[in-house]
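Scroll down for the structure; my scribbles are underneath it.
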2 protein chains.
Amino acid sequence: MRPESRSMRDSILAAAVQLFAQYGYHAAPLRDIARIAGIQAASIYHHYPSKQALLVEIMETHMQRLNTSLEYILKETDDPLQRLHDAIANHIRLHTTYKAEFFIIDTEMRALEEEHRPYILGLRDKYEALLQELLLDGMERDVFRRSDVKIASYAMIAMCTEVATWFRPDGRLSVQQVITIYRQFITEGLLHTPEVVAHMPDGAGHLL
Amino acid sequence: MRPESRSMRDSILAAAVQLFAQYGYHAAPLRDIARIAGIQAASIYHHYPSKQALLVEIMETHMQRLNTSLEYILKETDDPLQRLHDAIANHIRLHTTYKAEFFIIDTEMRALEEEHRPYILGLRDKYEALLQELLLDGMERDVFRRSDVKIASYAMIAMCTEVATWFRPDGRLSVQQVITIYRQFITEGLLHTPEVVAHMPDGAGHLL
DNA sequence: GTCTATAAGAGGATAGAC
DNA sequence: GTCTATCCTCTTATAGAC
């Protein structure tokens, strides 16, 4: 694609991301997307075949980004706990960096026409499978408590994904702080870790 | 409201719930809602002033249901851990019983017109505040580990709410099983609880 | 590559008969 | 309380000039 068209193509996509996230796919008129991009509605069709194509491209790009990064973590790291930490950080970092894009993925699946839905759902299933692989491995190696792998993956994905709903770059917490808090919640839960140290003969060896 | 109209009013609302959940608010035509309810589109306006009124009524009814039940738990129960268990069970039970209704609340907030949004958001904020009250109390009484109360409430709500997305009454797990798994995940996290018992002098007193 | 003009249709809502 | 008929607006998408 030549440079002069590449730029307008990106502007249109950026405008679509903004309005799809703000009003939802069906409530975002193509005219408004065009206006933000600085052209007429009809001109969009020189760059994209339909409104639906904009949605598919947004979802495809970022689901692939998510999958590629998790595949990299699984390939490069062996320790289950380190893998989990990296996966949580990766998920939250991407969902705060591409906040609007992932919010669209999370809320506009229904807006996908039959033709494209299986493909995008496949990408989402792939991510779940990768995370489940991570969790199962950690359970088999006795690092994680044995529990329902599917439910654990759903719960993790749901809570880390929702960060895209409320996170504000200028808010109370930095991305790194959010990651640290979620990491501890996911690994240790809400309850106090039992005070093991007090019962041990020599009082040595803090667990944390 | 008289009985003969009450029935059609409910039929219309039930049809709206079905189609709003299936296709989304903007993609669900009033004509289709009417067809499922067994009347003509124009007849809906005898029972509701607008399409928007259907959405507001669905959201209002079930957010109030959620708030009332959590308020009851906080009033009747004092023990923080028991309160947490009850709150989780209550949230998941309501979100599986009124699956479509809560799915709409979770995905169609953007479809609310300015006039009604503050009211519904207020009900949602109220629920978050109640849960945060529960969590803060548990931390101050040293039952829960001290951590960020807001984040903990967001995480809990996100993971328990998403059950409405994938739960199937005829699926692999019963509602009670889902509740038990979530409960353990939220309280204990993914990691093994340290094997305290082995280090204790008499080996007595299982923690769980 | 962008424009103007417009097709073609769907949508929410209203009027007024019965 | 429900119907038929219809209004009015908005929307995606296309045709063809520049």
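Throughout, protein chains are lettered first and strands after them, A, B, ... in sequence-line order, and every chain is numbered starting at 1. Quick note: numbers below take in every heavy atom, side chains included, and nothing from hydrogens, waters or symmetry partners.
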Euclidean distance, atom CG of residue B/D10 to atom P of D/dG1 [Å, nearest integer]: 13 Å
Rounded distance (Å) that lies between atom C1' of C/dG1 and atom CD of A/Q40: 13 Å
Distance below 4.0 Å between B/H47 side-chain N/O and D/dT2 OP1 or OP2: yes
Heavy-atom side-chain contact between B/E71 and B/K126 under 4.5 Å: yes
Closest non-hydrogen atom pair between A/H47 and A/R9, with its separation: O-NH1, 3.2 Å
Separation of D/dT11 C1' from A/I33 CD1 (nearest whole Å): 12 Å
Pair B/Y127 and B/H91, ring centroids less than 6.0 Å apart: yes
Between P of C/dA10 and NE2 of A/H26, the distance in whole Å: 15 Å
Any B/S43 side-chain N or O less than 4.0 Å from OP1/OP2 of D/dC3: yes
Nearest-angstrom distance from the residue atom CZ of A/R9 to C1' of C/dT2: 17 Å
Side-chain heavy atoms of A/I33 within contact of A/F20, under 4.5 Å: yes
Nucleotide D/dT12, atom P - distance to CD1 of A/I44 in whole Å: 9 Å
Side chain to side chain contact (heavy atoms under 4.5 Å, CB included) partner of A/F144, the single match among A/L134, A/T187, A/V149, A/L136: A/L134
Validation row: A/D148, A/Y154 side chains within 4.5 angstrom (heavy atoms): no
Sugar-phosphate only, base, or nothing, as touched by A/A34 at under 4.0 Å among non-hydrogen atoms: nothing
Nearest-angstrom distance from the residue atom CZ of B/R35 to C1' of D/dC3: 18 Å
Between C/dG1 (P) and A/Y48 (OH): distance, integer Å: 13 Å
Nucleotides 13-18 of chain D: protein proximity per nucleotide (B base, S sugar-phosphate only, - neither; heavy atom, under 4.0 Å): BBB---
A/M156 and A/L84, any side-chain heavy atoms less than 4.5 Å apart: yes
